[in-house]
Amino acid sequence: MSCYKLIQMKQMNNTITSELNDAQMSAVTAPLGNCQVLAGAGSGKTRVLVHRIAWLIQECGLSPHQILAVTFTNKAARELHTRIEAMLGFPTRTMWVGTFHGLAHRFLRAHWQAADLPESFQILDAEDQHRLIKRLHKELNLDDDRWPPKQSQWFINSQKDEARRPDSIILDGDIFTDTMVMVYRAYEEQCARAGVIDFAELLLRSYEVLQKHPDILSHYQQRFQYILVDEFQDTNTLQYLWLRLLKGPDSHIMVVGDDDQSIYSWRGARIKNIQSFTNDFPDAQTICLEQNYRSTKTILSAANAVIANNQKRLGKDLWTQGDDGESILLYTAFNEIDEARYVISCIQAWTELGNPNRSVAILYRSNAQSRVLEEELLRKSIPYRIYGGQKFFDRAEIKDALAYLRLIANRHDDTAFERVVNTPTRGIGNTTLNSLRDQARTSNYSLWQAAQEIVRDKLLSARAVTALQNFLNLTDELDANTRNDKLGDQTDYIIQRSGLRDFIGKDRTEKSQSRLENLDELVQATHAFTVDEFQQQDMPPLHAFLAHVALENSENQADVFEDSVQLMTLHAAKGLEFDLVIICGVEEGLFPHHMSAEDPVRLEEERRLCYVGMTRAKQKLIMTFAECRRLYGRENYHAPSRFLREIPEHLVNEVRMQTKISRPVSVQPAYGATQQTDISIGDNQIRLGQRIRHSKFGEGTVLNYEGSGEHAQVQVKFDRHGSKWLMVNLAKLETI
DNA sequence: GCGACATTGTTTTTT
DNA sequence: ACAATGTCGC
């Protein structure tokens with residue numbers, strides 16, 4: 001090795017290991033073996049993954065080609081990949097970095113024959129799956145009241161997540177199991193006929209291919225010398241089995257996770273996998289990352305105190321070298337409107353200090369809570385962005401347009417067929433459709449084939465036959481006329497020619513206008529789409545686009561660059577961080593949610609959710625709860641959440657609602673946090689929760705105030721000296 | 001086949 | 001409260 005190269009390597013080595021603490025260092029430079037990293041919130045988990053991979057390549061001589069890194073979200077996968085490339089300074093296209101589903105998809109595209117799939121198989125999303133199962137229930141004459149399709153959907157998905165096929169489910173003579181298995185069977189047949197597979201099936205099918213084809217298995221086992229798994233606490237049974245199978249006898253695996261941040265057990269995630277890992281790989285080294293680089297001491301102590309109430313923990317104590325920081329503000333709101341006003345007033349105070357809107361996140365337990373907050377943000381003209389909610393490609397009009405594309409790609413895609421056969425309405429109603437379904441079922445055809453037969457043999461009324469004929473012709477025509485077009489032009493033409501555009505825009509409401517805009521956006525997306533070499537190998541653009549849409553249903557990326565306050569559920573906040581975090585609705589019944597309150601296991605998950613939320617905050621944490629909240633049209637009185645009581649008192653500044661104003665009925669008088677006072681310090685009006693400085697007592701928070709002019713007094717809770725009442729014009733106070 | 005009413009069930013949702 | 005279904009009559 002040349003001297004120059006050695007020096008270069010030495011430098012690289014330095015960049016890989018510099019700025020790492022001891023624990024991070026031992027994870028990054030761990031010997032080439034199995035390893036488990038328990039990474040607390042904000043302990044530099046991604047950093048360790050990135051550096052570890054760089055280390056494997058630079059120091060252990062592994063080629064990127066031999067590395068497999070698995071994440072849960074596309075975003076995490078992208079971040080991982082770009083950071084690795086930035087660190088290494090060269091592209092690593094041959095490295096497999098992706099989500100479980102993305103990687104499984106890639107695998108199945110390569111091995112579709114072994115997987116017994118059509119080459120052009122398409123992915124069924126959750127909504128399509130639901131529709132399909134609903135239709136199946138009808139065909140099987142299952143009463144929807146007794147047998148909700150949602151339940152079957154849940155059953156099928158959880159069986160698949162447990163790697164169970166209908167044949168491997170033990171029939172216990174129970175009518176429930178019998179029925180569910182029957183539906184599962186019918187569902188599988190239907191999917192096979194239509195050439196579609198659902199999310200869980202991506203994993204299960206690829207797992208089975210590996211199991212049944214030793215040659216394929218050994219190829220991948222030999223190829224992937226090192227497997228890394230992010231958010232390991234969120235893996236389900238199937239994902240764990242998949243990983244274990246893929247890890248060859250000579251390869252190694254590193255899993256990174258945090259049992260305290262497991263919040264998806266209701267989706268099949270098994271924290272137990274962390275324990276299983278140490279059992280299955282007894283030689284695995286365990287490394288704990290406990291130093292937190294994100295939050296202040298105060299925030300961290302509070303979060304630690306809350307999570308300490310969980311019994312089932314691996315046990316980990318986060319610490320930080322950071323400052324104490326401000327106390328946690330706890331505001332007791334009168335109702336959710338008051339809460340929203342207080343929250344927004346806090347944000348205003350925060351941004352007046354020069355902080356950008358984007359440094360603030362409002363977190364809540366359930367999406368329904370966002371509306372009041374939104375209204376208040378709107379009223380105060382504060383730009384905001386709501387995460388979650390409906391994804392772009394989930395909008396009805398987009399799915400309609402996509403269904404045309406799917407049908408062109410694959411005529412036997414019944415889900416797509418059902419979706420657009422009468423959208424826009426073209427005289428094919430329920431009666432016709434039912435005969436169509438009958439026909440399809442008895443002949444074991446796709447709906448498309450059944451329709452062809454009906455048209456050919458004129459099996460229905462002349463009117464229905466003509467209508468069907470027109471639809472079949474239309475679809476074929478859309479296909480034939482755009483066969484050589486670019487994807488964007490094809491999409492544009494199809495939306496126009498199918499009549500979808502006119503249909504969507506026919507009434508001139510604002511809603512239909514925005515739907516039209518969405519269609520335009522879709523066309524634009526198809527124009528901009530390029531086949532991703534990694535994920536899609538050499539698929540035709542149309543197929544590649546459909547797969548991309550299903551697997552990477554990104555949200556509307558519009559105005560992502562505007563400096564806006566971020567609103568999201570606590571779940572959606574995992575993995576993110578903000579200078580100021582405001583958690584709303586911290587009430588019994590809402591958080592912890594009443595659906596989870598009785599079950600201790602689920603309660604612990606709620607608590608972890610609380611922990612996740614609190615540890616998102618870097619500098620300042622505000623928690624609010626409302627004594628009274630309108631929920632489902634009723635007014636409910638809730639007690640403050642038990643989680644609040646679990647926070648040590650000395651870390652909290654309790655700000656009480658000020659005014660004794662009677663309940664607002666329809667008008668909303670100014671009160672509480674937004675009430676204007678005539679008490680001011682210098683030029684600044686006093687606000688509840690306002691941070692001030694006293695020459696002797698130091699910094700504190702305004703809890704209360706009284707009187708005006710010369711008699712004005714404020715109650716301040718000082719960070720170090722407890723709370724005191726002070727005369728405003730005597731005490732030397734200044735606002736911060 | 002389609003539009004107008006009633007009925008229903010409302011946590012979280014990485015793919 | 002509210003939206004998203006399903007049922008009914010035309």
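Proteins get letters first, then strands, A, B, ... in listed order; numbering begins at 1 in each.
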- Report which part of the nucleic acid A/Thr431 touches: base, sugar-phosphate, or nothing (heavy-atom distance under 4.0 Å, all strands).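 Since only primed, P, OP1 and OP2 atoms lie under 4.0 Å of A/Thr431, the category is sugar-phosphate.
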
- Give one of base, sugar-phosphate or nothing for A/Arg608, where a contact means two heavy atoms less than 4.0 Å apart.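 Result for A/Arg608 = nothing.
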
Nearest whole angstrom, please: distance from the [atom2] of [N] to the [atom1] of [X].
X        : N      : atom1 : atom2 : result
A/Tyr611 : B/dT12 : OH    : P     : 24 Å
A/Leu631 : B/dT10 : CG    : C1'   : 10 Å
A/Asp394 : C/dA3  : CG    : P     : 19 Å
A/Gln151 : B/dG9  : CD    : C1'   : 15 Å
A/Leu468 : B/dG1  : CG    : P     : 10 Å
A/Phe503 : B/dG3  : CZ    : C1'   : 12 Å
A/Asp145 : B/dG9  : CG    : P     : 8 Å

- Item | Presence of salt bridge, A/Glu418 and A/Arg135, under 4.0 angstrom |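 Yes, this pair counts.
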
- Query: In terms of ring plane angle, is the pair A/Phe529 and A/His548 parallel, tilted or perpendicular, where the classes change at 30° and 60°?
  - Reply: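 Judged by the thresholds at 30° and 60°, the geometry between A/Phe529 and A/His548 is tilted.
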
- Taking the six-membered ring for Trp, are A/Tyr264 and A/His571 parallel (under 30°), tilted (30 to 60°) or perpendicular (over 60°)?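 Taking A/His571 first and then A/Tyr264, their aromatic rings sit tilted (interplane angle of 30° to 60°).
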
- Task: Show your reasoning for whether side-chain contact (heavy atoms from CB on, under 4.5 Å) applies to A/Val229 and A/Phe100.
- Result: CA-CA 10 Å; A/Val229 190; A/Phe100 278 101; 4.2 Å; yes

- Determine whether more than 12 heavy atoms belonging to other residues, nucleotides or ligands lie under 6.0 Å from atom CZ of A/Arg463.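 Open.
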
- Query: From C/dA1, C/dC2, B/dC2, pick the nucleotide closest to the side chain of A/Thr425?
  - Reply: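 Closest nucleotide to the A/Thr425 side chain: B/dC2.
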
- Query: In Å, rounded to the nearest 0.5 Å, how long is the span from CG of A/Asn335 to OH of A/Tyr637?
  - Reply: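 Going from the CG atom of A/Asn335 to the OH atom of A/Tyr637 covers 9.0 Å.
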
- Message: Both A/Leu433 and A/Tyr632 contact DNA chain B. Which one's nearest nucleotide lies toward the 5' end?
- Response: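 So the residue in question is A/Leu433.
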
- Message: Here's a test of your reading of the structure: between A/Glu605 and A/Ala464, which maps to the more 5' nucleotide of DNA chain B?
- Response: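 Of the two residues, A/Ala464 wins.
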
- Query: What's the shortest heavy-atom distance between A/Arg629 and A/Ala626, and which atoms?
  - Reply: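 Heavy atoms only, the tightest pair is NH2-CB, 3.9 Å.
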
Check the interface with nucleotides 13-15 of chain B: list each N/O to N/O pair with the protein under 3.5 Å, or write none.
{"residue": "B/dT13", "atom": "OP1", "partner": "A/Thr569", "partner atom": "OG1", "Å": "2.6"}
{"residue": "B/dT13", "atom": "OP2", "partner": "A/Asn367", "partner atom": "ND2", "Å": "3.2"}
{"residue": "B/dT13", "atom": "O2", "partner": "A/Arg267", "partner atom": "NE", "Å": "3.4"}
{"residue": "B/dT14", "atom": "OP2", "partner": "A/Lys391", "partner atom": "NZ", "Å": "2.6"}
{"residue": "B/dT15", "atom": "OP1", "partner": "A/Asn74", "partner atom": "N", "Å": "3.3"}
{"residue": "B/dT15", "atom": "OP1", "partner": "A/Asn74", "partner atom": "ND2", "Å": "3.1"}
{"residue": "B/dT15", "atom": "O3'", "partner": "A/Leu551", "partner atom": "O", "Å": "3.2"}
{"residue": "B/dT15", "atom": "O2", "partner": "A/His101", "partner atom": "NE2", "Å": "3.4"}
{"residue": "B/dT15", "atom": "N3", "partner": "A/Arg267", "partner atom": "NH2", "Å": "3.1"}
{"residue": "B/dT15", "atom": "O4", "partner": "A/Arg267", "partner atom": "NH2", "Å": "3.0"}

- Pair of N/O donor and acceptor under 3.5 Å linking B/dT11 base with A/Arg602 side chain: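 Result: at least one qualifying N/O pair found.
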
- Given A/Glu587, A/Glu588, A/Glu606, the one that forms salt bridge (charged side-chain N to carboxylate O under 4.0 Å, His left out) with A/Arg642: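 Per the salt bridge (charged side-chain N to carboxylate O under 4.0 Å, His left out) rule, the option paired with A/Arg642 is A/Glu588, out of A/Glu587, A/Glu588, A/Glu606.
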
- Query: Which salt bridge (Lys or Arg N to Asp or Glu O under 4.0 Å) pairs, counting each pair once, include a residue from residues 140-157 of chain A, with sequence neighbours left out?
  - Reply: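 Output for this query is empty, none listed.
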
- C/dT5 to B/dT12 separation - P atoms, rounded to the nearest Å: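 Taking atom P in both C/dT5 and B/dT12, they lie 16 Å apart.
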
All N/O pairs under 3.5 Å across the protein-nucleotides 4-9 of chain C interface:
none

- Message: Under 4.0 Å from OP1 or OP2 of C/dC2: is there any side-chain N or O of A/Arg371 that close?
- Response: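 Yes, such a contact exists.
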
- Message: Could you check whether any side-chain heavy atom of A/His105 comes within less than 4.5 Å of a side-chain heavy atom of A/Ile123, counting everything from C-beta outward?
- Response: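 Contact flag for A/His105/A/Ile123 side chains = yes.
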
